[in-house]
Each structure stands twice: as structure tokens, then as C-alpha cells.
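Just below is one structure, and these are the notes that go with it.
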Number of protein chains: 2
Amino acid sequence: MRSPAELSQAFRQSGLKVTPQRQLLFRLLHGNTSHPSADVLFALASQAMPGISLRTVYQTLNDLALMGELQSIDFGTGSARFDPNVTEHQHAMCNECGAVHDVFVADEPKMLGLDGFDVHAAQIVYHGVCAGCAS
Amino acid sequence: MRSPAELSQAFRQSGLKVTPQRQLLFRLLHGNTSHPSADVLFALASQAMPGISLRTVYQTLNDLALMGELQSIDFGTGSARFDPNVTEHQHAMCNECGAVHDVFVADEPKMLGLDGFDVHAAQIVYHGVCAGCAS
DNA sequence: ACGCTTATTTGCAAGCCTTGCAGGTTAGCA
DNA sequence: TGCTAACCTGCAAGGCTTGCAAATAAGCGT
Ligand SMILES: [Mn+2]
Ligand SMILES: [Mn+2]
Ligand SMILES: [Zn+2]
Ligand SMILES: [Zn+2]
């Protein structure tokens, strides 16, 4: 995801307006590696801007995802997680605390046993226990 | 997942009853490689047994999953998919038709960039276009 | 600075999938 | 055949996300 300043420019160029709510979310997301849910972002945003609505959080997240600035990831935990890192990488989720960490794989695993399937992307999710929860 | 006959025995031994509804689901699931959702199973079950309730389908699916006879997989498509194949394998989902196919990988991809994470399982989902939809 | 137009924000209702609950029903066993 | 615990069904409700409409405000031209 680009910087708040660059995003503001991009939004205006797309005919979208740059509101205080959106700017706040730009800041909360930029460089954020915690893979927060909409709910968590709403809580954070509410601290800085009491009264902001959950609906607006979802709206802005969807706008950013549509622009390719953000990816929405479903780990099957009930709510979607959002990731401003849209470069190719994979994830590891802790079974204990639910934290999601970025990981990289040496090379994409080779798929066997299925002919004629045109692979566009391979999503890998490691499940286990993170360093913090192990101690 | 074991055969309907074996499952019936296992259910009784666990103090669970073997009802016509459960037997029907045993049959619908045994050897099923289509990764159906509860909804799809409910539709199939309703054909053979009009009046069966969606609640009962969910109940039986949960029972089987709890017994380790079935796995529930969330591909982020809204509803869970159920798989009577509980041996280690991976999946490929078609972006066009939503079909899920079983695949195998040569060897588990090596995780980089995260120290101290104890990996219990690695889930891989290939996204792309299946042979049928390509033509 | 001012007013206009159009996008945005909000609050609430509703949609989708799944589970909780309660009352009538039935499997399993003596 | 009868008892009792487990089950089935229908419906309500819970969690996450989106649709909708009225009030609000950003961006732009003057
Ligand atoms: Mn990430
Ligand atoms: Mn499978
Ligand atoms: Zn942890
Ligand atoms: Zn297909």
C-alpha cells in the first residue's frame, strides 16, 4: 500500500474524496503488519476519532482493496483480515493467539495429480504456534 | 471417512444413534470427492428424504468432523466445504465454476523469514481455472 | 470566501451461514 | 413392549458484511 499522501492523490484522481475518516485509515494501515480485522481497525480508529462508523471502515477497506492497495484474506476465522502488503508472500497463523505473520517460501510447491488446471496463484497458510506463545 | 456400515458401528459405540437421516448422509459422503457444502448436501439429501432438515445435516457433519471422519474446509467462499478424505492432501479451486479438486504436493514448501514458529500443518490452496472451464 | 454538485458518512435493517433452543419423536436396549 | 436418552425439526438468534436513505461535507468553479 502506498503512503497516505500518495493514496490521497490517487483517491482524488479517481474522483473519490479524501475525508478525515479515510486519512485516518490510511495512517492506521500504512506499514501495518498485524493483519487486522475490520473490527480491530474500527476499535483503533474509534480511539482517534470517536463516532466513526464501522460501515465507513468497511467502505474504505473495500475501496482500497478495489484499487489494489490492500488485500483481504480469509483465514476461516470468522472475519476477514486486511493486509496492506500486496507483494507476493505467504502467512503463518498462530493457533493460540490468532496472530498472523508474514512468511516467504523458497519456491512454489509443485502441484501433482491434476492435469489441465491452470494455476493463477498458490496460497499457503502455515498453522502452528508462534514464538511468543511457545514460551 | 469409513464406510456407512463401519460408521454406524462407530456411532453406536460412542453412544450416538444411527438414524435414517445419518445413514443417508453417510452414503452421500462416502467416497464423495466433490467437496460439497452443507447446502449442497442438504439439497441431495432432500431428494432422497423430503423433509430432512438443514439443521440435521449440519449436526451430522459436525458429529463426523468431531470424530475425525470428515474435515471442514473454509476456502473463503462464504460457506464451508466438507471432505470425507482426511488423509493429507491439498486443494485446487477453480475461479470459474467453484469446483474443488484434490491435489498433492511433492514436498511441503520451506517456510522462510520467521524464527521460532512451530508449524503443525501447511495448507495450500491453488487458485486458477480447471480443465473443464478452460475449453 | 461562497455556493453547488456529488461523493461520503452514519445508523439501521437485512442477508448469509451457522448454531442455540424447546418440544415432539425415535433408536436402542432390557 | 416400554423406558429413557438421544435425535429431529422449526424457528429464532448470533457474527460478519452489505444495502439503503437521509443528512453531511469535500472539491471545484466563481
Ligand atoms: Mn501479510
Ligand atoms: Mn479434498
Ligand atoms: Zn501466538
Ligand atoms: Zn472450473
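In what follows, chains are A, B, ... by sequence order, proteins preceding strands, each numbered from 1.
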**Request:** Using the heavy-atom set of chain A and a strict 4.0 Å cut-off, write down the first and last nucleotide of DNA chain D that makes it in, 5' to 3'.
**Result:**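 Reading along DNA chain D, I get dC16(D) to dG27(D).
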**Fill in**
Among dG20(C), dG11(C), dT18(C), the one nearest any side-chain atom of Arg55(B) is dG20(C)
So how far is it from [X] [atom1] to [Y] [atom2], rounded to the nearest 0.5 Å?
X	Y	atom1	atom2	value
Gln21(B)	Ser53(B)	CD	OG	8.0 Å
Phe26(B)	Ser8(B)	CZ	OG	5.5 Å
Gln47(A)	Ile52(A)	CD	CD1	12.0 Å
Thr56(B)	Phe42(B)	OG1	CZ	9.0 Å

**Request:** Take the angle between the ring planes of His89(B) and His35(B) and call it parallel below 30°, perpendicular above 60°, tilted in between.
**Result:**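 Aromatic pair His89(B)/His35(B) classed tilted.
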**Request:** Mind listing the residues from residues 60-81 of chain A sitting with a heavy atom below 4.0 Å of DNA chain C? Number order is fine.
**Result:** none
**Message:** For a quick test of reading the model: is some side-chain N or O of Gln59(B) closer than 4.0 Å to OP1 or OP2 of dG20(C)?
**Reply:**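 No, Gln59(B) has no side-chain N/O under 4.0 Å of OP1/OP2 on dG20(C).
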**Request:** Round to a whole Å and report the spacing from CG of Leu54(A) to P of dT10(C).
**Result:** 11 Å
**Asked** dT10(C) C1' sits how many Å from Tyr58(A) OH, rounded?
**Response**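 Result: 16 Å.
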Enumerate the protein-to-nucleotides 27-30 of chain C contacts in which both atoms are nitrogen or oxygen and the separation is below 3.5 Å.
{"from": "dA27(C)", "atom 1": "N3", "to": "Lys17(B)", "atom 2": "NZ", "distance (Å)": "2.9"}
{"from": "dG28(C)", "atom 1": "OP1", "to": "Arg12(B)", "atom 2": "NE", "distance (Å)": "2.8"}
{"from": "dG28(C)", "atom 1": "OP1", "to": "Val18(B)", "atom 2": "N", "distance (Å)": "2.9"}

**Asked** Hey, is Arg22(A) close enough to Asp63(A) for a salt bridge, meaning N to O under 4.0 Å?
**Response** yes
**Message:** One thing to verify: whether Asp74(B) and Arg81(B) come together as a salt bridge, which I'm taking to mean a side-chain N less than 4.0 angstrom from a carboxylate O.
**Reply:** no
**Asked** Is the Tyr126(B) to His120(A) ring centre distance short of 6.0 Å?
**Response** no
**Phe11(A) with Met49(A), same ILVMFWY side-chain cluster at under 4.5 Å** = yes
**Prompt:** Which pair of non-hydrogen atoms, one from Asn32(B) and one from Pro84(B), has the smallest distance, and what is that distance?
**Reply:**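 That closest heavy-atom pairing would be O-CG, 3.1 Å.
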